[in-house]
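Report on the following structure.
Residue numbering restarts at 1 for every chain, and letters A, B, ... go by the order of the sequence lines.
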Amino acid sequence: MTNTALSLPQIRKLIQRQNVFDQFVVLALLAAALSSVIVTAGILYILISESVSFFSQVPLGEFFNLVDPKWTPLFDDKNFAIITLISSTLVTTGVSVAIGIPMGTIIAIYLSEFATEQVREWVKPILELLAGVPSVVFGYFALQTVTPFMQRIVLGVQMFFAPGRDEFDYYQLPGFNMLSAGIVMGISIIPLISSISEDAMRAVPKQMREGSFAVGATRLQTSFNVVLPAAISGIIASYILGISRSLGQTMIVAVAAGTQPIYTWNPLDGAATISTFIVEVAKGDIEHGSLEYNTIFVAGLALVAMTLAMNLLGHYLSKRVREVY
Amino acid sequence: MELAQDQLGTQVKAQVKNFSFFYGSNKAIKDVDLEVLDCKVTSMIGPSGCGKTTLLRCFNRMHDLYPGTRYEGEILLESQNLLSLDPIEVRMRIGMVFQKPNPFPKSIFENIAYGLRIRGVKDKGVINERVERALRDAAIWDEVKDRLKDMAFNLSGGQQQRLCIARALATDPEILLFDEPTSALDPIATASIEELVIGLKGKVTILIVTHNMQQAVRISDYTAFMYLGELVEFDRTDVIFNNAAQQRTREYVSGQFG
């Protein structure tokens with residue numbers, strides 16, 4: 001038998017070499033982590049510096065004008081009331097949340113608490129497929145399928161409650177409207193919400209469910225009274241991610257909600273959101289460094305601020321209600 | 001397994017008759033006969049994997065939650081075979097306390113009120129009164145009466161386990177099942193749970209699984225010794241530990257294996 005044991009100096013040398021290697025790897029990991037911080041800081045720097053140059057030409061009062069808001073930076077008579085774009089961003093996001101959160105949560109509860117293994121194996125890949133649909137496809141789905149459908153529904157509702165008029169005397173849902181865009185945006189965030197919520201629910205320990213069953217609760221009672229509250233921080237995180245994605249969603253709204261920057265809170269109207277405005281302007285030929293050019297960045301900054309506010313709120317909420325088990 | 005003559009005065013609360021249980025094709029409980037006496041503490045002991053927890057979980061039909069399980073034979077609950085009842089009904093009548101404290105993500109008060117709400121109790125006065133009584137019966141009232149709105153997770157492990165006992169007591173179960181209730185607790189918390197179980201004697205029928213033999217001696221009136229899915233011996237606790245009939249029981253309680 002050969003003696004494989006190392007001498008003490010050999011061991012020390014080995015450890016020393018290993019320590020140098022470990023330090024190198026830790027530094028590399030740190031650099032990788034820092035790169036995301038640097039990119040974020042860089043983006044914020046560009047947004048803020050361009051916005052500073054914007055605000056040197058446009059008074060803050062004009063930007064936050066709520067009295068007679070107009071957004072016409074590309075016209076001769078320039079107006080810069082950001083609320084015009086924020087309102088439509090919030091409306092489309094609101095519609096999408098009204099669709100995506102209930103649907104996503106219900107699907108998550110079903111998959112986590114009720115579905116058999118076989119059903120789950122079928123449904124999950126299909127949901128993932130839905131998540132993989134490009135947003136431009138969703139956009140045209142909204143414009144070509146959902147909008148005509150909603151137009152018929154809006155007409156049908158009117159004919160039901162006030163029958164007898166000529167078809168063209170009724171209110172017609174415009175071809176570009178925030179409702180259809182919001183609905184499809186809601187569909188597009190369902191997979192995100194359902195998969196994160198389902199993960200959170202499945203992470204709830206089995207014993208906690210059994211505790212509920214043991215006092216005589218049904219599966220439904222257990223899901224809603226025990227599993228849902230136990231998984232709430234993960235569920236809220238999924239909502240926040242969904243809302244953030246809707247706020248920043250561009251293609252669906254640009255295709256289906258129209259490009260007119262109109263100040264409105266009515267989902268039946270068509271109006272440009274912040275992201276729609278940014279692509280519209282970026283597509284056109286505007287002079288680099290001009291005021292029009294600066295508006296892209298100030299709109300972008302407003303969008304980042306909204307998303308950031310959402311994330312902070314989500315962080316606060318999920319921390320406040322976090323459960324330990 | 002029939003008991004000796006001197007137990008005739010006590011009523012049988014539940015009777016396991018020629019009972020077997022299967023995980024898939026694996027026969028985990030083999031032809032067990034057992035009598036659980038009313039308002040007594042019956043403990044089940046045996047080495048790991050002997051099927052004591054599996055048998056306990058048959059009493060409240062816990063296995064029904066998972067696919068691929070099957071019961072054979074009868075478990076009579078006052079002459080009714082509980083295996084042919086709706087599992088929800090069985091669980092409403094037979095409470096359970098688990099190995100690890102498993103309070104719900106709710107306030108202390110709501111943890112106890114949960115079972116009552118499930119049963120459709122809406123009267124606030126009734127709920128308040130039964131919650132207080134359950135917490136008193138579980139000897140935790142004095143510690144939590146000023147913080148009923150606190151989250152149950154903020155309690156210590158021992159307090160959480162007593163809370164879980166209170167949760168089970170709140171709905172007046174006919175039988176209370178304990179699945180190694182002190183295995184996750186320190187000795188002081190264990191002592192308080194044992195004291196509590198002894199205090200519940202005469203009020204509720206208790207079936208407790210333990211792999212601490214001394215615990216069975218301290219708290220139980222009757223003891224069942226299980227080995228490899230079979231019930232080897234069932235008798236008064238003092239008989240099992242001092243004068244067991246079976247060779248295997250004597251070997252186990254004297255620590256020769258397990």
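A heavy-atom distance below 4.5 Å is not found between the side chains of A/N225 and B/R117. Between B/D64 and A/F213 there is no side-chain heavy-atom pair separated by less than 4.5 Å. By the 4.5 Å heavy-atom criterion applied to side chains, A/M208 and B/F98 are not counted as neighbours.
For B/P87, no part sits under 4.5 Å from any heavy atom of chain A, backbone or side chain. At a 4.5 Å heavy-atom cutoff, the contact between A/S212 and chain B is made by backbone and side-chain atoms alike. Residue contact with chain A, scored on non-hydrogen atoms closer than 4.5 Å, involves the backbone of B/I94 exclusively. For A/R209, no part lies under 4.5 angstrom from a heavy atom of chain B.
Annotation for B/E195: atom CD does not count as buried by contact number, only 12 or fewer foreign heavy atoms lying within 6.0 Å. Other residues, nucleotides and ligands contribute over 12 non-hydrogen atoms within 6.0 Å of the CE atom of A/M150. The neighbour count for B/I188 CD1, taken as heavy atoms of other residues, nucleotides or ligands under 6.0 Å away, does not exceed 12. The 12-atom threshold is exceeded at OH of B/Y66, counting heavy atoms of other residues, nucleotides or ligands nearer than 6.0 Å. For A/R245, the CZ atom counts as loosely surrounded, since its 6.0 Å shell holds 12 or fewer non-hydrogen atoms of other residues, nucleotides or ligands.
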* To do: Take A/V215 and B/R167 through the test side-chain contact (heavy atoms from CB on, under 4.5 Å) and record every step on the way to the result.
  => CA-CA 8 Å; A/V215 294; B/R167 180 172 79 193; 4.1 Å; yes
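Checking side-chain atoms of B/N102 against main-chain N and O of A/Q207 turns up a donor-acceptor pair under 3.5 Å.
The distance from the OH atom of B/Y114 to the OG1 atom of A/T222 is 4.5 Å, given to the nearest 0.5 Å.
Residues B/M62 and A/E210 share a closest heavy-atom pair of CE-O, 3.0 Å. Contact detail for A/A217 and B/I88: the closest heavy-atom pair is O-CD1, 3.5 Å.
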